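Contents: one structure, followed by commentary.
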Amino acid sequence: KIQQWVVCSLPNDQLSIENGIIIDRARRWPLMIDPQRQANKYIKNMGKDTETGIDVCKLSEKNFLRTLELGIQFGKWILLENIGINLDPALEP
C-alpha cells in the first residue's frame with residue numbers, strides 16, 4: 001500500500017509515510033497543514049484512483065456547499081483548499 005502512495009506523489013520519507021498511515025486509518029476526515037502542497041498533490045492523485053473521483057473546491061467559491069452536499073450524497077472525495085483560521089459554520093459537525 002505504501003508503494004501505491006509513493007506512486008501517487010507521497011514523499012518517501014518516514015514522516016510522510018506515518019502521516020499517510022494516519023490518513024488511511026482515520027475514522028474522520030483529516031486536516032492537513034500543507035505549506036509545500038505535497039499532501040494536496042497526493043490527495044488529488046489518490047482521489048483520481050477512486051471509483052467516485054474527487055472534487056476540489058475552496059471556501060471562497062459560491063457553490064462550495066453544493067459541491068460538499070453532492071459529494072456526501074454520492075460518496076465522492078472532497079478536498080477543501082485554503083481553509084484559513086475560521087471554519088464556515090456549515091462545516092461544523
Side-chain angles (χ1 to χ4, degrees):
K1 198 167 203 175
I2 294 172
Q3 207 170 24
Q4 179 188 6
W5 297 343
V6 173
V7 168
C8 288
S9 302
L10 183 71
N12 196 11
D13 61 83
Q14 188 65 30
L15 180 62
S16 296
I17 299 297
E18 288 173 2
N19 287 335
I21 291 169
I22 291 169
I23 290 169
D24 186 56
R25 300 289 179 207
R27 291 183 183 200
R28 296 184 67 144
W29 57 87
L31 173 64
M32 293 173 281
I33 300 170
D34 186 26
Q36 296 173 339
R37 299 191 184 265
Q38 292 174 329
N40 198 329
K41 184 177 179 183
Y42 163 68
I43 294 295
K44 286 178 182 178
N45 287 335
M46 287 292 290
K48 289 178 192 173
D49 293 342
T50 64
E51 208 174 281
T52 54
I54 185 169
D55 283 336
V56 180
C57 60
K58 296 179 175 132
L59 292 180
S60 59
E61 295 175 5
K62 63 181 179 179
N63 65 342
F64 96 90
L65 279 177
R66 182 72 176 144
T67 302
L68 185 63
E69 179 184 327
L70 290 173
I72 292 169
Q73 184 177 356
F74 296 110
K76 226 173 182 182
W77 286 29
I78 305 294
L79 177 62
L80 296 176
E81 295 181 318
N82 301 330
I83 296 296
I85 295 173
N86 297 318
L87 282 177
D88 187 297
L91 296 175
E92 294 292 330

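When reading the values below, keep in mind they use all heavy atoms of this one structure, side chains included, and skip hydrogens, waters and symmetry mates. Predicted, not measured: the structure shown is a model, and the values here were computed from it. Just so you know, residue 1 is the first one in the sequence shown, and it goes up from there.
Expressed to the nearest 0.5 Å, how far CG of Leu68 lies from CG of Asp55 amounts to 10.0 Å. A distance of 11.0 Å separates NZ of Lys41 from SG of Cys8, quoted to the nearest 0.5 Å. A distance of 11.0 Å separates CG of Asn40 from OG of Ser9, quoted to the nearest 0.5 Å. Atom CG of residue Asp13 and atom CD of residue Glu18 lie 9.0 Å apart, to the nearest 0.5 angstrom. Atom CG of Leu79 sits about 8.0 Å away from atom SG of Cys57, to the nearest 0.5 Å.
With contacts defined as side-chain heavy-atom distances shorter than 4.5 Å, the pair Leu80/Lys58 does not qualify. With contacts defined as side-chain heavy-atom distances shorter than 4.5 Å, the pair Phe64/Ile78 does not qualify.
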Test salt bridge (Lys or Arg N to Asp or Glu O under 4.0 Å) on Glu51 and Lys76; report intermediate values, then the result.
CA-CA 8 Å; Glu51 208 174 281; Lys76 226 173 182 182; over 6 Å; no
With side chain to side chain contact (heavy atoms under 4.5 Å, CB included) as the criterion, how do Trp5 and Asn12 come out once you've worked through the C-alpha distance, each side chain's angles and the decisive distance to 0.1 Å?
CA-CA 9 Å; Trp5 297 343; Asn12 196 11; over 6 Å; no
Would you sort out whether Ser16 and Asn19 count as a side-chain hydrogen bond (donor to acceptor under 3.5 Å, both in side chains), showing the intermediate values?
CA-CA 5 Å; Ser16 296; Asn19 287 335; 5.6 Å; no
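Open room surrounds CD on Gln3; 12 or fewer heavy atoms of other groups in view lie less than 6.0 Å from it.
Between Glu69 and Arg66, at least one side-chain nitrogen of the basic residue sits less than 4.0 Å from a carboxylate oxygen of the acidic one, meeting the salt-bridge criterion.
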